[in-house]
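If you're wondering where the values come from, they're calculated on a predicted model, not measured in any experiment.
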Amino acid sequence: MSKLTLSAVGALVALGTASAASAVPFIESGDAGQTLDTAQIITSDFDSIEGTLAEGTDTADIFTFAFAGGAFTAETTSALFDTELFLFAEDGTLLAADDDGAPDINICDDDDGSPSTLCSLISLNLDAGIYSLGISSFDSTASDGILNAGAGPITAPGSYTILISGDGIDVPAPGALALFGLGVLGLGLRRSR
């Protein structure tokens, strides 16, 4: 990990939050990439991610965000296709992947409340840092911060919602946002070498 990227993570943790703004859905703008270098960066307080996948070229999305540490949960709660979630560390290391959701009453759950084969769930404790969350269809693979689409078909319209909860989802201070951007730039430069 580059010194610049480490500095950005340290600044995010040290500066804390700027306000107690209420969380809102983060809505994918255009096509979120399927690599850490092309991921959409979330710089605001969010409680869900809404986006769309399609057969062909838009088969996976990755979103990058700062996390202050603690409990973290991401679960697809709305999808008409078999989703798979992936959580990456800043350096591209795959931390978790899941193809089946938890028993809950979500749109993609089975009628009896049992875990759906369409939902996905990742729930774990994380250290403070920069993380990336990816979504694709069933049977996808991930390595070195890249999502490779699986064999599972994406049912049109391919829309999805990922509910996000955790102790460390906060609005970074304005100075921290600048350092976060520099950190992501440093990561991109490191990867290009």
Derivation and outcome, side-chain hydrogen bond (donor to acceptor under 3.5 Å, both in side chains), residues Asp91 and Thr93:
CA-CA 6 Å; Asp91 66 359; Thr93 302; 2.7 Å; yes
Tell me, with the steps shown, if Thr64 and Ser132 meet side-chain hydrogen bond (donor to acceptor under 3.5 Å, both in side chains).
CA-CA 4 Å; Thr64 299; Ser132 297; 2.8 Å; yes
Heavy-atom donor-acceptor pair, Asp82 side chain to Phe138 backbone, under 3.5 Å:
no
Under 3.5 Å donor-acceptor, Ser48 side chain and Ile162 backbone
no
Roughly how far apart are [X] [atom1] and [Y] [atom2], rounded to 0.5 Å?
X: Phe72; Y: Phe65; atom1: CZ; atom2: CZ; value: 4.0 Å
X: Ser123; Y: Glu75; atom1: OG; atom2: CD; value: 9.0 Å
X: Asn125; Y: Asp127; atom1: CG; atom2: CG; value: 9.0 Å
X: Leu94; Y: Ile146; atom1: CG; atom2: CD1; value: 12.5 Å

State plainly whether one hydrophobic cluster holds both [X] and [Y], where clusters connect Ile, Leu, Val, Met, Phe, Trp and Tyr through side-chain heavy atoms under 4.5 angstrom apart.
X: Ile135; Y: Ile122; value: yes
X: Leu133; Y: Leu124; value: yes
X: Phe26; Y: Leu87; value: yes
X: Ile42; Y: Ile164; value: yes

Determine, step by step, whether Leu85 and Thr76 satisfy the side-chain contact (heavy atoms from CB on, under 4.5 Å) criterion, reporting the C-alpha distance in whole Å, the side-chain angles of both residues, the deciding distance to 0.1 Å, and the verdict.
CA-CA 8 Å; Leu85 290 176; Thr76 52; 4.1 Å; yes
I want to check something: taking the side chain as every heavy atom from C-beta on, are [X] and [Y] in contact at a cut-off of under 4.5 Å?
X: Phe67; Y: Ile130; value: no
X: Tyr160; Y: Thr77; value: no
X: Leu95; Y: Tyr131; value: yes
X: Phe86; Y: Ser140; value: yes
X: Ile62; Y: Leu147; value: yes

For Leu53 and Ile154: C-alpha separation, side-chain torsions, deciding distance, then whether side-chain contact (heavy atoms from CB on, under 4.5 Å) applies.
CA-CA 7 Å; Leu53 296 177; Ile154 298 172; 3.8 Å; yes
Please find the pair of heavy atoms, one from [X] and one from [Y], that lie closest to each other, and give the distance.
X: Gln40; Y: Glu28; result: OE1-CA, 3.6 Å
X: Ala68; Y: Ala128; result: O-CB, 3.4 Å
X: Ala142; Y: Phe88; result: CB-CZ, 3.6 Å

If we ignore angles and hydrogens, is there a donor and acceptor under 3.5 Å between the side chains of Thr83 and Ser120?
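On atom types as modelled, these side chains qualify, holding a pair under 3.5 Å.
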Going through the distances and angles, do Ser159 and Glu50 end up as a side-chain contact (heavy atoms from CB on, under 4.5 Å)?
CA-CA 7 Å; Ser159 59; Glu50 297 175 8; over 6 Å; no
Near Asp139 CG, under 6.0 Å, is it more than 12 heavy atoms from other residues, nucleotides or ligands?
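Buried by this count: over 12 neighbours within 6.0 Å.
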Would Gln34 and Thr59 count as a side-chain contact (heavy atoms from CB on, under 4.5 Å) if you check the C-alpha gap in whole Å, the side-chain angles of each, and the deciding distance to 0.1 Å?
CA-CA 8 Å; Gln34 55 192 75; Thr59 56; 3.8 Å; yes
